[in-house]
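Written out below as structure tokens is the structure these notes cover.
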Amino acid sequence: SMNKHYFIAIKIPKELAAAIIQERDKTNLHRTHKILPVAEDLHITLYYLGHVADGILQQIIHSLNRLEWESFELKTSGVAHFGNEATPRVVYTSLEKSDSLQLLQQKIVQLLSNFIEVQKTNDFTAHITMAKKWASLELLNLTEFNLSDVVFDVLSFSIFTVNVNRSPRYEEICTVKWRRGENNGPTS
């Protein structure tokens, strides 16, 4: 069988995902880019694992489920891109900077380093990819994209696997719910 690839990400709530797609449909991204994720596939990548052996994956899942972190809020902030402005590689919904998110991402990378060789980069930019792989000679036009800033709670993250020939393309194989530390007051 083909080697499965995995990544760790926060799934975008349904209503927000629908709003993002609705705004995307007002742009010409469907003509300028080759890959436009469906609403169910919208996510914020925390770490791209690539191929991991099953045994190691199970250990990672077990370990992530014991990770202590606090739930937090994120807020969208318009549209942005990676790459050249005229022909950007990736166009995304951006997020207000969040220390809680940065901390969670660092904790995850730290934990993963016990099991795999991790890419230690300090340039983690949280983003919700709306379109990738430049396709076109037409100029990108995002003037109609007008997403109101939306605040949403992050109560979990998931490990996904990639099914290249299916839509939705990303399949959740495990969800990790947030866990209070033992000393954070009474638990119900």
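When all heavy atoms are compared, the tightest approach of I56 to I116 is CG2-CG2, 4.0 Å. Heavy-atom minimum distance, A17 versus I12: N-CG2, 3.8 Å. The two atoms that bring A86 and W134 nearest to each other are O-CH2, 3.5 Å, heavy atoms only. Annotation for D149 and G78: closest pair OD1-N, 4.1 Å, computed over non-hydrogen atoms. Between L42 and I21, the shortest heavy-atom distance links the atoms CD1-CD1, 4.0 Å. In terms of heavy-atom proximity, H81 sits nearest to P88 at CB-CB, 3.6 Å.
Rounding to the nearest 0.5 Å places CG of L67 at 10.5 Å from CD of Q110. Expressed to the nearest 0.5 Å, how far CD1 of I108 lies from CG of L46 amounts to 4.5 Å. Taken from OG1 in T129 to CZ in R89, the straight-line distance is 10.5 Å, to the nearest 0.5 Å. We find the CD-CG distance between E117 and L112 to be 12.5 Å, quoted to the nearest 0.5 Å. Interatomic distance, CG of L104 versus OH of Y47, reported as 14.5 Å (0.5 Å rounding). The CG atom of L16 lies 6.0 Å from the OG1 atom of T76; values are rounded to the nearest 0.5 Å.
With hydrogens and angles disregarded, a donor-acceptor distance shorter than 3.5 Å links the side chain of R24 to the backbone of M130. D41 places no side-chain N or O within 3.5 Å of a backbone atom of P37 that could act as its donor or acceptor partner. Side-chain atoms of N28 come within 3.5 Å of backbone atoms of L139 as a donor-acceptor pair (strictly under, hydrogens ignored).
Here the side chains of K4 and N163 are in contact, with some heavy-atom distance below 4.5 Å. In this structure, L140 and V91 have side chains that are in contact, with non-hydrogen atoms separated by less than 4.5 Å. No side-chain heavy atom of F115 sits under 4.5 Å from any side-chain heavy atom of L57. The side-chain heavy atoms of L36 and L29, taken from C-beta on, include a pair separated by under 4.5 Å. The shortest side-chain heavy-atom distance between V151 and L74 does not fall under the 4.5 Å cut-off. Between S156 and W178, the closest side-chain pair of non-hydrogen atoms is not below 4.5 Å. Using a 4.5 Å heavy-atom cutoff, the side chains of R169 and V162 are in contact. A 4.5 Å side-chain heavy-atom check between K133 and H33 finds every atom pair outside the cut-off.
Residues passing the salt bridge (charged side-chain N to carboxylate O under 4.0 Å, His left out) test with E40, sequence neighbours excluded: none. Legend: residues meeting salt bridge (charged side-chain N to carboxylate O under 4.0 Å, His left out) with E96, ordered by chain and number and at least two apart, are K75. Listed by chain and number, the residues in a salt bridge (charged side-chain N to carboxylate O under 4.0 Å, His left out) with R31 are E138 (sequence neighbours excluded). Residues satisfying the side-chain contact (heavy atoms from CB on, under 4.5 Å) criterion with K26, sequence neighbours excluded, are E23, E144.
When hydrophobic side chains of Ile, Leu, Val, Met, Phe, Trp and Tyr are connected at separations under 4.5 Å, F82 ends up clustered with V90, Y92.
Applying the 6.0 Å contact sphere to CG of N84 captures more than 12 heavy atoms from other residues, nucleotides or ligands.
Taking the six-membered ring where tryptophan is involved, the planes of W69 and F157 are tilted, since the angle between them lies from 30° to 60°.
V38 is not connected to I44 by any chain of hydrophobic side-chain contacts under 4.5 Å among Ile, Leu, Val, Met, Phe, Trp and Tyr, and they are in different clusters. Following chains of ILVMFWY side-chain contacts shorter than 4.5 Å, one cannot reach I10 starting from L103, and the two form parts of different hydrophobic clusters. In this structure, F124 is a member of the same hydrophobic cluster as V118, with clusters built from ILVMFWY side-chain heavy atoms closer than 4.5 Å. Follow the hydrophobic side-chain contacts under 4.5 Å out from F145 and you never reach I35; the two are in separate clusters.
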query = Would F152 and L95 satisfy side chain to side chain contact (heavy atoms under 4.5 Å, CB included), going step by step from the backbone distance to the final call?
reply = CA-CA 11 Å; F152 60 100; L95 295 148; 4.1 Å; yes

ask   = Between I128 and I20, is a side chain to side chain contact (heavy atoms under 4.5 Å, CB included) present by the stated rule, with each step listed?
value = CA-CA 9 Å; I128 305 167; I20 289 172; 4.1 Å; yes

inquiry  = Using the rule given for side chain to side chain contact (heavy atoms under 4.5 Å, CB included), can you reason through F160 versus E171, listing the C-alpha separation, both sets of side-chain angles and the distance that settles it, and then say yes or no?
reply    = CA-CA 5 Å; F160 294 86; E171 180 188 343; 6.0 Å; no

request  = Using the side chain to side chain contact (heavy atoms under 4.5 Å, CB included) rule, take I159 and L64 through it: C-alpha gap first, then chi angles, then the decisive distance, then the call.
outcome  = CA-CA 10 Å; I159 298 184; L64 285 171; 3.8 Å; yes

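Each side-chain hydrogen bond (donor to acceptor under 3.5 Å, both in side chains) pair with one or both residues in residues 48-63, not counting sequence neighbours, would appear here, but there are none.
Between the side chains of T175 and S158, a donor-acceptor pair is found at a separation under 3.5 Å. Between the side chains of S77 and S94, at least one donor-acceptor pair of N or O atoms lies under 3.5 Å.
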